[in-house]
Amino acid sequence: MQDRYQPATVETAAQQHWENTQAFRVAEDAGRPKYYCLSMFPYPSGKLHMGHVRNYTIGDVLARFHRMKGCNVLQPMGWDAFGMPAENAAIQNNVPPAKWTYANIEYMKGQLKRLGFAIDWSREVATCTPEYYRWEQWLFTRLYEKGLIYKKLGTVNWDPVDETVLANEQVIDGRGWRSGALVEKREIPMYYMKITAYADELLAALDDLPGWPEQVKLMQKNWIGRSEGVEVHFPYDLSTIGASGVLKVFTTRADTLMGATYVAVAAEHPLATRAAAGNAELAAFIDECKHGGVAEADLATMEKKGMPTGLRVVHPLTGEYLPVWVANYVLMGYGEGAVMAVPAHDERDFAFAAKYGLPIRMVVRSTHDAYDNVAAPWTDAYAEHGKLVNSGKYDGLHFQDAVDAIATDLAAKNLGAKRTQYRLRDWGISRQRYWGCPIPMIHCEDCGDVPVPDEQLPVVLPENVEITGRGSPLAKMPGFYRCTCPKCGKPARRETDTMDTFVESSWYFLRYACADNATAMVDARVNYWAPVDQYIGGIEHAILHLLYSRFFTRAMRDEGLVNVSEPFTNLLTQGMVVAETYYRDQTGGKKLWINPAEVQVERDDKGRVVAAKLAADGQPVVIGGTEKMSKSKNNGVDPQALVDQYGADTARLFIIFAAPPDQQLEWSDSGVEGAARFLRRVWQFGHAFASDIRPVLPAARRLTAGKLPALLADVRREIHTHLKQANYDFGKHQFNTVVSAAMKILNALEKAPREDGTEMRAAHAEVAEEGFAILLRLLSPITPHICHVLWQDCGFGTDILAAAWPEPLEAALAQDEIELVVQVNGKLRGSIKVAADAGKAAIETAALASEAAQKFMEGKPPKKVVVVPGRLVNIVV
RNA sequence: GCCGGGAUGGCGGAAUCGGUAGACGCAGCGGACUCAAAAUCCGCCGCCGCAAGGUGUGUGGGUUCGAGUCCCACUCCCGGCACCA
């Protein structure tokens with residue numbers, strides 16, 4: 001055994017052992033509980049970043065922990081390989097997306113292996129391979145024929161210069177990121193998955209997910225946004241509109257219907273189009289509304305604008321004429337593309353009415369905050385439920401009674417009814433991009449939209465393609481889109497849109513169960529492994545990816561492909577990795593961001609950072625604050641450099657120790673130093689154990705007989721106490737304090753008295769043997785390499801993976817005397833020692849008699865004495 | 001704008017059911033070893049104060065014998081908002 005810790009040697013040896021024994025390759029085994037541990041698969045962007053290392057380290061800790069607990073653990077890995085960055089790289093560097101992607105996969109796989117993750121690589125999938133996406137296309141055709149996928153118009157960001165559709169992130173301040181052109185909204189036909197058909201189930205099932213964080217479930221609940229309301233029909237005024245019909249709106253506040261003073265429609269609404277036909281000013285306004293992107297955050301924060309159409313509709317209860325306005329904040333894609341406006345009781349309508357001088361009619365009086373009229377400024381009380389006023393026959397009714405009565409009257413007139421609405425919208429999956437899964441549809445002039453038949457799947461994405469950033473590449477490739485109609489055999493055109501990459505990530509976790517099956521999407525093995533027992537990934541996926549996956553699993557269930565409904569039993573959402581930023585101001589207001597690795601910080605005598613300078617030139621740089629590691633702020637720390645310098649175990653240990661998994665992790669170079677220092681101490685102790693301590697172990701162990709010198713019994717109790725804490729912390733996934741406990745155990749082992757005399761030395765050796773074996777097993781999920789080698793070198797066994805997880809012993813934890821804190825009037829004043837089984841009366845007496853109590857009671861009699869067993873005594877005077 | 005989360009020493013964080021605030025580590029300071037440095041080891045370390053003691057968990061209130069933890073009002077920071085993944 002080497003006397004110095006050499007991570008590279010240790011880690012090569014351990015990884016070689018795992019490779020030789022195929023340690024992490026698993027098969028179905030009915031004899032053991034299965035544990036499917038999954039980390040979100042990475043997008044192969046080039047090289048691993050620190051967020052990946054964190055994600056996969058957390059997953060690996062859980063996988064290895066459960067393996068030692070006796071589970072049959074599956075931990076697979078793959079690549080979320082379709083997406084925009086590959087196309088951007090193609091434009092920038094003239095590399096084909098496929099070549100770029102596969103090269104990245106190759107490199108990043110090597111990095112993952114170097115980190116020692118317990119992955120079953122035989123199940124690896126890459127979503128950009130036809131072997132993977134053909135099943136996605138197959139399922140698409142199934143769901144299309146079932147009606148779960150349909151076609152309708154959707155709104156996209158259109159760049160008129162590049163003649164291409166832009167992602168929301170490609171729209172910056174309303175302009176295309178490459179062309180700089182003003183972006184327009186454009187309606188194009190797209191395929192949609194009917195996720196709303198599962199809205200109720202997706203909502204209700206959240207209650208059966210105790211293993212998910214409450215905050216994630218709450219976000220999903222709000223996202224689905226089930227609301228009970230009333231659909232109200234406003235008949236067209238024939239004289240202004242010139243046609244008969246009804247304007248439909250949905251409202252959750254039907255009780256305020258008598259206060260509606262106008263209606264507003266989206267710029268794309270048919271009534272708006274009709275009114276604009278003879279009104280140039282209105283047409284110009286509608287045109288203006290079509291400028292800008294489609295992102296909700298932009299729409300919600302922009303200035304609310306509107307214009308009257310001159311059209312009128314009829315109030316369904318009063319018969320009054322209400323003006324129809326076009327408003328930029330009403331969305332065509334949400335609900336009916338029209339809203340009824342009640343300025344007195346809705347903040348947005350209130351502001352709009354004030355701006356354009358529209359009437360405000362108060363119809364509700366709040367029962368909490370009294371007000372007699374709804375004068376400006378707006379007050380939240382105006383929007384509260386209350387008792388109806390100025391509402392004719394409905395006066396005096398409270399919210400629910402008013403809604404019921406109004407809904408009944410509307411239904412009687414055939415002008416509305418109660419309805420449940422969801423905020424959730426159907427999932428538009430068409431993308432006008434190249435690097436994605438081709439949508440398996442054929443458009444025939446005679447037969448319409450025809451799904452590609454099974455025997456013609458997969459529709460393979462051609463790889464010899466030119467990417468320019470203008471238009472849709474596939475739509476420029478006749479070799480791809482020219483085809484014959486599967487129904488009638490006539491020439492037809494193949495769909496050139498590809499699927500949203502969220503589709504691939506909505507079922508990859510099921511494919512891992514049977515990644516080698518070339519004849520089916522999934523097989524019976526999926527019902528052994530599914531659902532995923534533990535899913536780990538970034539909080540940023542709390543809504544979209546997780547909701548789509550829950551939907552997809554149900555869609556596959558209803559196709560008879562899988563038995564389960566919920567894909568992920570337990571969810572752990574990890575926090576971001578952040579680091580300090582540094583910069584220098586450049587001319588033109590730009591900033592030159594400087595990597596932390598190139599910066600030296602200066603501290604005052606208390607260790608506070610007071611200044612920073614660039615190491616290269618010694619000149620000052622500005623400290624820019626802590627932000628998420630990113631290319632744009634140049635504050636990323638390369639995990640590869642870290643592993644090269646310190647080894648995988650140090651990288652893993654630092655990442656686990658620096659913060660609990662669900663909180664953000666702040667990068668710290670000196671923290672890494674500390675992690676490396678700890679591992680050197682572990683190695684040193686292992687070396688001392690193997691060479692000096694182990695040889696003096698007695699033939700007959702005394703620990704089991706419970707006979708130990710008091711000082712060593714204290715050490716042993718401390719170790720078992722820390723072990724108990726560590727096991728508790730493992731249970732709640734607070735791994736940073738597991739590391740703390742391991743550090744405390746090492747501290748205790750190092751300080752354990754090793755006095756002269758054969759008896760004492762033998763007893764010490766026994767405590768050290770038991771304690772170090774606990775320490776190595778406790779640390780092995782986190783730093784598996786060093787623990788593997790030390791376990792062997794210290795003679796504990798051949799493979800720590802096969803060792804049982806350590807549990808604390810009651811006999812080692814027992815103690816006769818305990819210390820209690822003494823408080824006077826809630827302030828800490830001293831402590832007393834009492835027998836562990838002392839009664840309340842005895843504790844009270846001892847506390848009152850204590851020196852600290854006597855001093856601070858100042859002779860006053862105790863008014864009350866509170867005894868908290870095992871904790872403290874509070875004397876109130 | 002809407003939905004969700006967070007804030008504790010110089011720093012990362014700990015405190016399990018309302019019961020010793022600051023465990024563990026980092027940085028800093030003092031010392032040992034060394035020709036010297038690194039590494040290592042020992043000690044100190046919230047703030048004010050010579051001390052006794054006081055004070056302290058983003059801000060302002062409240063409940064309680066006792067509040068980082070519960071309640072109310074606010075401030076700032078972060079994640080998501082449907083075409084980034």
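Each chain gets a letter, A, B and so on, in the order its sequence line appears, and its residues count up from 1.
- Comparing the P positions of B/rU16 and B/rG68 gives an interatomic distance of 12 Å, to the nearest angstrom.
- Comparing B/rG4 with B/rG56, their P atoms sit 33 Å apart, to the nearest whole Å.
- Searching all strands for a Watson-Crick or G-U wobble partner of B/rU57 with both distances below 3.5 Å returns nothing.
- Nearer the 5' end of RNA chain B, as judged by each residue's closest nucleotide, is the contact made by A/Ala658, out of A/Val868 and A/Ala658.
- In terms of modelled atom types and a separation under 3.5 Å, the side chain of A/Asn328 and the main chain of A/Lys305 share a donor-acceptor contact.
- One atom, CD of A/Gln725, and another, P of B/rU16, lie 9 Å apart when rounded to the nearest Å.
- Residue contacts shown for A/His545 are absent, as no nucleic acid heavy atom lies under 4.0 Å away.
- Around CG of A/Asp173, the count of heavy atoms belonging to other residues, nucleotides or ligands within 6.0 Å does not exceed 12.
- Side-chain proximity of A/Gln734 to the nucleotides B/rA15, B/rC84, B/rU16 is greatest for B/rA15.
- Here A/Asn168 does not reach the OP1 or OP2 of B/rC81: none of its side-chain N or O atoms lies under 4.0 Å away.
- Going from atom CD1 of A/Ile539 over to atom C1' of B/rC84 covers 17 Å, rounded to whole Å.
- In this structure, of B/rC81, B/rU16, B/rG4, it is B/rC81 that holds the atom nearest to the side chain of A/Leu544.
- A/Phe41 and A/Tyr508 have parallel rings, their planes meeting at less than 30° on a 0 to 90° scale where 60° marks the start of perpendicular.
- Here NZ of A/Lys185 is found 8.5 Å from CG of A/Asn157. Values are rounded to the nearest 0.5 Å.
- Base engagement by A/Trp223 is indicated by at least one non-hydrogen atom pair under 4.0 Å involving a base atom.
- Rounded to a whole angstrom, the distance from the P atom of B/rU69 to that of B/rG18 is 11 Å.
- Residue A/Gln663 contributes atom CD, which lies 10 Å from atom P of B/rU8 at whole-angstrom precision.
- Picking from B/rC24, B/rG12, B/rC83 the nucleotide with the shortest atom distance to the side chain of A/Asn747 gives B/rC24.
- With both ends at atom C1', the span from B/rA14 to B/rC29 equals 24 Å, rounded to whole Å.
- Among the nucleotides B/rG4, B/rA82, B/rC24, the one closest to any side-chain atom of A/Ser740 is B/rC24.
- Two residues, A/Lys855 and A/Met84, neighbour RNA chain B, and the one matched to the more 5' nucleotide by heavy-atom proximity is A/Lys855.
- For the pair A/Gln170 CD and B/rA82 P, the computed distance is 14 Å after rounding to whole Å.
- Here the separation of B/rA85 from B/rC74, taken at their P atoms, is 38 Å to the nearest Å.
- The side chain of A/Arg348 places no N or O atom within less than 4.0 Å of a non-bridging phosphate oxygen (OP1 or OP2) of B/rG1.
- In this structure, A/Arg677 atom CZ and B/rA38 atom P are separated by 13 Å, rounded to whole Å.
- Taking the side chain of A/Leu218 as heavy atoms from C-beta on, and the options B/rG4, B/rC83, B/rG19, the nearest nucleotide is B/rG4.
- Atom NZ of A/Lys355 sits in a crowded spot, with more than 12 heavy atoms from other residues, nucleotides or ligands closer than 6.0 Å.
- Only the P atoms considered, B/rC72 is 36 Å distant from B/rC83, to the nearest whole Å.
- Within 4.0 Å (heavy atoms only), A/Glu296 reaches at least one base atom of the nucleic acid.
- Taking the side chain of A/Thr501 as heavy atoms from C-beta on, and the options B/rA85, B/rA14, B/rG4, the nearest nucleotide is B/rA85.
- A side-chain donor-acceptor contact under 3.5 Å links A/Gln684 to the backbone of A/Asp3.
- Of the candidates B/rA85, B/rC83, B/rG1, B/rA85 carries the atom nearest the A/Phe502 side chain, counting heavy atoms from C-beta on.
- The base-pairing partner of B/rC81, taking Watson-Crick or G-U wobble contacts with both distances under 3.5 Å, is B/rG1.
- Base pairing analysis places B/rU20 opposite nothing; no Watson-Crick or G-U wobble pair with both distances below 3.5 Å involves it.
- Contact between the side-chain N/O atoms of A/Arg425 and the OP1/OP2 oxygens of B/rA82 is not found at any separation under 4.0 Å.
- Both cation-pi conditions hold for A/Lys152 and A/Tyr192: the charged atom is under 6.0 angstrom from the six-membered ring centre and inside a 45 degree cone around its axis.
- A close approach under 4.0 Å does occur between a side-chain nitrogen or oxygen of A/Lys732 and OP1 or OP2 of B/rA15.
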Contact list (N/O, under 3.5 angstrom) for nucleotides 65-76 of chain B vs protein:
from, atom 1, to, atom 2, distance (Å)
B/rC65, O2, A/Asn874, ND2, 2.6

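- Among the atoms of the strands shown, none is found under 4.0 Å from any heavy atom of A/Pro42.
- For the pair A/Arg550 CZ and B/rA82 P, the computed distance is 20 Å after rounding to whole Å.
- Salt bridge absent: A/Arg186 and A/Glu163 never bring a charged side-chain N and a carboxylate O closer than 4.0 Å.
- For the C1' atoms, the distance from B/rC77 to B/rG58 is 11 Å, rounded to whole Å.
- Side-chain N or O atoms of A/Gln823 include none that pairs as donor or acceptor with a backbone N or O of A/Leu872 at under 3.5 Å.
- Ring geometry, A/His545 versus A/Tyr535: the interplanar angle falls from 30° to 60°, so the pair is classed tilted.
- Searching all strands for a Watson-Crick or G-U wobble partner of B/rA7 with both distances below 3.5 Å returns B/rU75.
- Look at CZ on A/Phe685: it is 14 Å from P on B/rC41, rounded to the nearest Å.
- Closest to the side chain of A/Glu666, from the set B/rU20, B/rG12, B/rG25, is B/rG12.
- When each of B/rC78, B/rA39, B/rA82 is scored by its nearest atom to the side-chain atoms of A/Arg680, the top-ranked nucleotide is B/rA39.
- Nucleotide B/rG28 forms a pair with B/rC44, judged by Watson-Crick or G-U wobble geometry with both contacts under 3.5 Å.
- The C1' atoms of B/rA39 and B/rC33 are separated by 11 Å, rounded to the nearest whole Å.
- Nucleic acid contact class of A/Tyr329 (heavy atoms, under 4.0 Å, all strands): none.
- More than 12 heavy atoms of other shown residues, nucleotides or ligands fall within 6.0 angstrom of atom NZ in A/Lys217.
- For the OP1/OP2 pair of B/rG4 and a distance below 4.0 Å, the side-chain nitrogens and oxygens of A/Asn222 include at least one atom meeting the criterion.
- Taking the O4'-C1'-N9-C4 or O4'-C1'-N1-C2 dihedral as appropriate, B/rC17 has a value within 90° of 0 and is therefore syn.
- A syn base is found at B/rG9: its glycosidic angle is within 90° of 0.
- The nearest whole Å value for the distance from the NZ atom in A/Lys304 to the C1' atom in B/rG1 is 6 Å.
- No more than 12 heavy atoms of other residues, nucleotides or ligands shown are found within 6.0 angstrom of NZ on A/Lys221.
- Here B/rG19 is the nucleotide among B/rG5, B/rG1, B/rG19 with the atom lying nearest to any side-chain atom of A/Leu872.
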